[in-house]
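Chain letters run A, B, ... following the sequence lines, proteins first and then strands; every chain starts at 1. Excluded from the calculations below are hydrogen atoms, water molecules and symmetry mates; all remaining heavy atoms, backbone and side chain alike, are included.
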There are 2 protein chains.
Amino acid sequence: MARSDFDLIDFLPYLLNQAAEKSSLGFQAYYKGTYGFLRTEWRVLFHLGRYGEMTAVEIGARAMIHKTKISRAVARLTERRFLTRREDMADRRREVLSLTPLGRKAFEDLCEKAAVYDRDCVAGLSEEEQRVLRAALRHLANIPRD
Amino acid sequence: MARSDFDLIDFLPYLLNQAAEKSSLGFQAYYKGTYGFLRTEWRVLFHLGRYGEMTAVEIGARAMIHKTKISRAVARLTERRFLTRREDMADRRREVLSLTPLGRKAFEDLCEKAAVYDRDCVAGLSEEEQRVLRAALRHLANIPRD
DNA sequence: TATTGTTATACTCTATAACTATA
DNA sequence: TATAGTTATAGAGTATAACAATA
């Protein structure tokens with residue numbers, strides 16, 4: 001690509017940021033509007049719902065979120081009765097987190113909505129294009145294939 | 001997709017955000033480390049270098065950046081001698097912006113680096129995969145094909 | 001000494017309202 | 001009234017250092 005031909009509009013980081021921002025807005029509006037969640041709160045809720053009770057450090061390892069963010073998300077979610085903390089009697093530094101019934105309902109609702117939202121995002125792309133897109137994104141994000 | 005199969009790791013907004021963040025870091029480190037630019041400053045500099053002198057409102061229209069962000073970026077770039085403002089005598093509300101020689105050098109350097117960076121990002125993807133990826137991203141970002 | 005979780009701090013990015021000066 | 005540009009403010013995201021309690 002000659003220097004004079006270079007254009008931001010084709011620059012991958014730019015394209016990715018625009019697409020990420022646009023594609024996040026709709027779903028964000030739902031979980032924020034319905035439950036008042038921030039992004040990290042939705043992600044913490046998701047991991048507890050999907051993989052069962054665990055500690056903040058374990059969530060962090062799975063979701064690649066720093067423990068300070070998790071700490072604040074857990075505080076808000078607990079305060080608002082979406083999850084509960086249980087002290088680990090064998091190691092009193094640790095707190096095992098799990099969803100309340102309210103949290104589980106939110107989790108299930110949000111998963112359903114997310115699946116629909118995902119399908120809406122890729123409507124207009126062929127099966128093959130969707131496959132290439134997700135594989136390329138996993139590659140760019142350094143997420144192993146499985 | 002059954003509800004129990006849904007996983008954030010395949011959720012498009014999540015994948016896009018991870019890929020966008022990862023792919024932005026390296027280039028951001030360069031323009032921040034070398035010139036001390038923030039993202040909006042690099043984008044404003046780019047538009048003036050690529051399309052010639054124009055006003056803040058015109059940059060905003062081209063780059064889809066709000067005028068308040070542009071105002072702050074222009075203030076910083078002017079203060080640091082990367083661009084100059086010239087009052088439009090025919091309409092004294094408008095200020096025509098253009099790059100200084102210093103600004104042009106930074107623009108040319110950053111464009112070269114960006115082109116290389118872009119190639120590095122997609123190394124490992126076939127030509128066809130790259131084409132599908134960019135087209136899909138433009139589709140998701142609602143950026144017209146040309 | 002190392003680990004779990006919390007708090008404090010700072011910086012970036014985004015969004016909106018209100019203001020000025022000009023037209 | 002409308003437009004170009006500025007300033008103020010608030011919310012959200014990110015990153016890091018330092019701390020208390022426990023191991």
(request) Record whether the side chain of A/R72 comes under 3.5 Å of the base of C/dA8 through a donor-acceptor pair of N or O atoms. (result) yes

(message) By the 4.0 Å heavy-atom rule, please label B/Q28 as base, sugar-phosphate, or nothing.
(response) sugar-phosphate

(message) I'd like to know whether B/E95 forms a salt bridge (Lys or Arg N to Asp or Glu O under 4.0 Å) with B/R86, so could you lay out the CA-CA distance, the side-chain angles of the two residues, the decisive distance to 0.1 Å, and finally the verdict.
(response) CA-CA 5 Å; B/E95 282 189 330; B/R86 174 169 56 74; over 6 Å; no

(request) Kindly work out whether a path of hydrophobic side-chain contacts (I/L/V/M/F/W/Y, heavy atoms less than 4.5 Å apart) joins A/F82 to A/Y30. (result) yes

(request) Could you work out which one of C/dC13, D/dA15, D/dG5 sits closest to the side chain of B/E21? (result) D/dA15

(request) Go through C/dG5, C/dT16, D/dA23 for me and flag the one nearest to the A/K67 side chain. (result) C/dG5

(request) Could you tell me the separation between the CZ atom of B/R92 and the C1' atom of D/dG5, rounded to a whole number of Å? (result) 14 Å

(request) Round to the nearest Å and state the distance from B/I59 atom CD1 to D/dT3 atom C1'. (result) 17 Å

(request) Might you point out which heavy atoms bring B/A19 and A/L140 nearest each other, and give the distance in Å? (result) CB-CB, 4.0 Å

(request) Identify which nucleotide among D/dA12, D/dA23, C/dG5 has an atom closest to any side-chain atom of A/D91, counting heavy atoms from C-beta outward. (result) D/dA23

(request) Measure from the side chain of B/R85, starting at C-beta and using heavy atoms only, and say which of D/dT6, C/dT6, D/dA4 lies closest. (result) D/dT6

(message) For a quick check, tell me whether the side chain of A/R93 and the base of C/dT3 share a donor-acceptor pair closer than 3.5 Å.
(response) yes

(request) Let me know, please, whether B/T55 or A/M89 comes out on the 5' side of the other along DNA chain D by nearest nucleotide. (result) B/T55

(message) Can you give me the closest heavy-atom contact between A/C121 and B/L12, atom names plus distance?
(response) CB-CD2, 3.8 Å

(request) Ignoring the backbone of B/E95, work out which of D/dT6, C/dC13, D/dA4 is nearest its side chain. (result) D/dT6

(message) What contact category does B/T68 fall into here, base, sugar-phosphate, or nothing, at under 4.0 angstrom with non-hydrogen atoms?
(response) base

(request) Would you kindly give the CD-to-C1' distance between A/E87 and D/dA21, to the nearest whole Å? (result) 10 Å

(request) Nearest whole angstrom, please: distance from the P of D/dT14 to the NZ of B/K22. (result) 13 Å

(request) Could you state the atom-to-atom distance from NZ of A/K69 to C1' of D/dA15 in whole Å? (result) 8 Å

(request) Using whole Å, report how far CD1 of B/I65 lies from C1' of C/dT14. (result) 12 Å

(request) Would you kindly give the CZ-to-C1' distance between B/R43 and C/dC13, to the nearest whole Å? (result) 11 Å

(request) Would you kindly compare A/I70 and B/H66 by the position of their nearest DNA chain C nucleotide and give the one closer to the 5′ end? (result) A/I70

(request) Round to the nearest Å and state the distance from B/D88 atom CG to D/dT3 atom P. (result) 17 Å

(request) Find out whether the Lys NZ or Arg CZ of A/R50 is both under 6.0 angstrom from the six-membered ring centre of A/F107 and within 45° of the ring's axis. (result) no

